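Here's the structure we're looking at; comments come further down.
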Amino acid sequence: MPFRLYNTLSNTVEDFRTIDSGKVRMYACGPTVYDYGHIGNFRTFVAVDILFRFLKLSGYSVHYVMNITDVDDKIIHNAGSPDIAAVRHYTDKFSNAFFEDSKALNIDPPQFVRATDHIQEMAEFIAELEAKGLAYRAEDGSYYFRIAKFPPYGKLSKRDFAGMEDGARVDVDEYDKDNARDFALWKAPKPGEASWETKIGPGRPGWHIECSVMSMEELGESFDLHAGGEDLIFPHHENEIAQSEGLTGKPFAHFWFHSRFLLVEGEKMSKSLGNFYTLRDLVLKGYKPSAIRFLLTSVPYRNQLNFTFDGLQQATASVERLRNFYALVSNPPKSTKPDATSLAPLAAETKDRFMQALGNDLNTAEAIGAIFEMVRVANAAINAGNWKLDTDQKPLLDVMNTFDAVFAVLKDDDAAKINSIVAWAKIEGREIAPELLAATANQLSDADVEAKIAMMEAARKSRDFKSSDAIRGELTAAGILVEITKEGIRWRRK
RNA sequence: GGCGCGGUACCCAAGUGGUAAGGGAGAGGUCUGCAAAACCUUUAUGCGUCGGUUCGAUUCCGACCCGCGCCUCCA
């Protein structure tokens, strides 16, 4: 069963093949660290994470590299100092925030590479392009890529530049470019701006060069997969191809993976529309990281996802349902009927459907659907005692663990993640939803909860329901879900 | 203007040339001291509109309406 994956380069779904059998080398364009990551950024990073996790689940060994863009015009401007250390200090803050947010969303960490750690290699790369006639130096010391020397230019974004002639449309502001379409490889410093000394002179890299240099350095001149948001198709990825293939004459990335933008409440997210949310904003409004991740993954990556608060609420309920089932199977009622039907075939079939759905260009919606169908049938069977605990428990858990190896929402660790974001918000003086503040203040340790549960048990034994209910009320207020079953009280964190 | 994507029930959403997965929400019920969880029943003769092809279309074709994206630095 081949993995079918859409390739932007061919505009079709193809059988996924790797250069080296069993190994995947992939690269994703990461964040530009000038601010906190927003929910749109994370749609892409979560989508690539699903891809990464599915490849591993399918048995590939995956070398996955993501860049951190810690130098660009906005960063240089915001850092407000010609001192490189000051720039680094500024970007450290946001790259660390990005790592924390990624962790909150259970994004499996790739190998991170930072642009400013590779400045000299970039200068070398540009010098080689110049030697091949693909780049030229402008009067001010900036370098540009000469698009006219790379005929395939436009093959990824399906743009036709054939009619373009050197010097045909020169922008008055960019008089030093030979052609308006030529893009910057290297920017000469302006007074007061941070810059690096290199063999091609002082300055800072253009946007695209870092990805060509770092991806080829880590993964080789040709590698399997290159990922990013759809907006990167042009010009960023087109330019990466031009630089890389122009220099090596070999195919750069074989598969190009792009995730579609999300909408927020039906509109493109933007600060002016007031629908711009960072991950932290959402957590501080009281939404759980697991629910956010689930919503982000529940719509296949090539479809537009309309991110709404109603949707977040629904995702919260869906995750709850899955966790309830996982808890039930992990700690099931012991009594089963002697003539019970086994659930093992259902588990096997579900796992199969799950893998096939993901294998079909990562159809996450269908994969989730398969899981929920199993959950419904198995819930009914288990509650009726109509299953074989000894032989069925393991396969059912196995399916759920397989699901979680990709979706990563079952593990009950939201509280800790929320706590650290709340702690950050207090220091930064950010607004925190009152209910969230109350819930974090009321938090109980496992031992506290166990003690209260024991008190509940005792009260119930003497049929003192009033006390029992009072304790349950306290626990509920602290975010503890209490279930009274025939075989004792079961609890977990909501 | 160029290129591209989509319009499926109250909401989210998959899917197929033969008659609509799944989740959420709502209503009723079972269970329970009460809850919670779970289960059962229920909610699209219908898949933007109008034509066409076909024995048959939501699925193919055409037109139209609506929404959205990219077109030099926004994931």
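Throughout, protein chains are lettered first and strands after them, A, B, ... in sequence-line order, and every chain is numbered starting at 1. This one's a predicted model, so the numbers in the text were calculated from it and none came from an experiment.
Centroid-to-centroid, the aromatic rings of Phe276(A) and His38(A) come within less than 6.0 Å.
Taking the C1' atoms as reference points, C61(B) lies 12 Å from U54(B), given to the whole Å. The gap from the P atom of C73(B) to that of G17(B) amounts to 42 Å, rounded to the nearest Å. As rounded to the nearest Å, C47(B) and C31(B) have C1' atoms that lie 38 Å from one another. Taking the P atoms as reference points, U72(B) lies 36 Å from U49(B), given to the whole Å. Here the separation of G18(B) from C60(B), taken at their P atoms, is 11 Å to the nearest Å. A gap of 7 Å separates the C1' atoms of C10(B) and A25(B), to the nearest Å. The C1' atoms of G48(B) and C74(B) are separated by 31 Å, rounded to the nearest whole Å. Look at the C1' atom in both G4(B) and A9(B): the space between them is 29 Å, to the nearest Å.
The backbone N or O of Glu240(A) sits less than 3.5 Å from a side-chain atom of Ser212(A), completing a donor-acceptor pair. The closest donor-acceptor contact from the side chain of Asp361(A) to the backbone of Tyr6(A) lies under 3.5 Å.
Pair check for G69(B) finds C3(B); Watson-Crick or G-U wobble, both atom distances under 3.5 Å. Shown here, U32(B) forms no base pair; nothing in the strands shown gives a Watson-Crick or G-U wobble contact with both key distances under 3.5 Å. Remark: A37(B) base-pairs with no nucleotide; criterion is Watson-Crick or G-U wobble with both hydrogen-bond distances under 3.5 Å. Partner assigned to G26(B) is U42(B), using Watson-Crick or G-U wobble distances below 3.5 angstrom. Applying the Watson-Crick and G-U wobble criteria (two distances, each under 3.5 Å), C60(B) pairs with G52(B). Figure legend. G17(B) is base-paired to no nucleotide; pairs are counted as Watson-Crick or G-U wobble with both atom distances under 3.5 Å. Within the shown strands, nothing qualifies as a pairing partner of A9(B) under the Watson-Crick or G-U definition with both distances less than 3.5 Å.
The shortest distance between the side-chain N/O atoms of Arg321(A) and the OP1/OP2 oxygens of C39(B) is below 4.0 Å. Distances shown here put a side-chain N or O of Asn379(A) below 4.0 Å from the OP1 or OP2 atom of C39(B). A close approach under 4.0 Å does occur between a side-chain nitrogen or oxygen of Asn324(A) and OP1 or OP2 of A38(B). Contact between the side-chain N/O atoms of Asn303(A) and the OP1/OP2 oxygens of A14(B) is found at a separation under 4.0 Å.
Within the nucleic acid shown, Val482(A) comes within 4.0 Å of at least one base atom, counting heavy atoms only. Across all strands, Ala317(A) comes closer than 4.0 Å only to sugar-phosphate atoms, never to a base (heavy-atom distances). Gly40(A) comes within 4.0 angstrom of a base, heavy atoms only. Within 4.0 Å of Ile484(A), counting heavy atoms only, lies at least one base atom of the nucleic acid. Residue contacts shown for Pro31(A) are absent, as no nucleic acid heavy atom lies under 4.0 Å away.
Which of A75(B), G4(B), A36(B) sits closest to the side chain of Leu262(A) comes down to A75(B). Nearest to the side chain of Ser468(A), among G33(B), G23(B), A36(B), sits G33(B). The side chain of Arg260(A) has C68(B) as its nearest neighbour among G22(B), C68(B), A13(B). Here C68(B) is the nucleotide among C68(B), A37(B), C39(B) with the atom lying nearest to any side-chain atom of Leu263(A). Of the candidates A36(B), A75(B), A14(B), the closest approach to any side-chain atom of Thr44(A) belongs to A75(B).
Looking at every heavy atom in both residues, Ala253(A) comes nearest to Leu9(A) through O-CD2, 4.4 Å.
Rounded to an integer number of Å, the gap from Ile453(A) CD1 to A36(B) C1' is 12 Å. Atom CD1 of Ile233(A) is separated from atom P of G2(B) by 20 Å (rounded to the nearest Å). The interatomic distance linking Gln313(A) (CD) with G26(B) (P) rounds to 11 Å, in whole Å. Rounded to whole Å, the distance from NZ on Lys461(A) to C1' on G33(B) is 17 Å. Rounded to whole angstrom, the span from the CG atom of Leu346(A) across to the P atom of G22(B) amounts to 13 Å.
For the pairing with Asp414(A), the salt bridge (Lys or Arg N to Asp or Glu O under 4.0 Å) check across Arg493(A), Arg492(A), Arg323(A) returns one residue only, Arg323(A).
The residue among Thr308(A) and Ser157(A) whose nearest nucleotide of RNA chain B lies closer to the 5′ end is Ser157(A). In terms of position along RNA chain B, the nucleotide closest to Ala315(A) lies nearer the 5' end than the nucleotide closest to the other residue of the pair Lys486(A) and Ala315(A).
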Pairs under 3.5 Å (N/O, protein and nucleotides 70-74 of chain B):
residue : atom : partner   : partner atom : Å
C70(B)  : OP1  : Lys268(A) : NZ           : 2.4
C70(B)  : O2'  : Arg159(A) : NH2          : 3.4
C71(B)  : O4'  : Arg159(A) : NH1          : 3.2
C71(B)  : O2'  : Arg159(A) : NH1          : 3.4
U72(B)  : O4   : Ala180(A) : O            : 3.4
U72(B)  : O4   : Arg181(A) : NE           : 3.4
U72(B)  : O4   : Arg181(A) : NH1          : 3.2
C73(B)  : N4   : Lys187(A) : NZ           : 3.1
C74(B)  : O2   : Lys268(A) : NZ           : 3.0
C74(B)  : N3   : Lys268(A) : NZ           : 3.4

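Between Phe112(A) and Phe99(A), the two ring planes are tilted [angle within 30° to 60°].
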In residues 304-311 of chain A, what donor-acceptor pairs under 3.5 Å come from side-chain atoms, sequence neighbours left out?
residue   : atom : partner   : partner atom : Å
Asn306(A) : OD1  : Glu265(A) : N            : 3.3
Asn306(A) : OD1  : Gly266(A) : N            : 2.7
Thr308(A) : OG1  : Gly311(A) : N            : 2.8
Asp310(A) : OD2  : Gln314(A) : NE2          : 3.2

Report, one line per pair, each donor and acceptor closer than 3.5 Å where one atom sits in a side chain of residues 346-356 of chain A; sequence neighbours left out.
residue   : atom : partner   : partner atom : Å
Thr350(A) : OG1  : Leu346(A) : O            : 2.7
Lys351(A) : NZ   : Asp398(A) : OD2          : 3.0
Arg353(A) : NH2  : Glu373(A) : OE2          : 3.2

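Here Asp281(A) does not pair with Lys285(A) in a salt bridge; the nearest charged N to carboxylate O distance is not below 4.0 Å. With respect to Glu474(A) and Lys452(A), a salt bridge is recorded, a charged nitrogen being found less than 4.0 Å from a carboxylate O.
For Glu373(A) against G22(B), a side-chain-to-base donor-acceptor contact under 3.5 Å is absent. Between the side chain of Arg472(A) and the base of A35(B), at least one donor-acceptor pair of N or O atoms lies under 3.5 Å. Looking at Asp310(A), its side chain has no donor and acceptor atom pair within 3.5 Å of the base of G24(B). Below the 3.5 angstrom threshold, one finds no donor paired with an acceptor across the side chain of Gln304(A) and the base of C5(B). Contact annotation: side chain of Arg376(A) to base of G22(B), donor-acceptor pair absent below 3.5 Å.
Looking only at side-chain heavy atoms (C-beta outward), Leu396(A) and Leu343(A) come within less than 4.5 Å of each other.
By the 5.5 angstrom centroid cut-off and the 30-degree plane limit, Phe42(A) is classified as not stacked against the base of A75(B).
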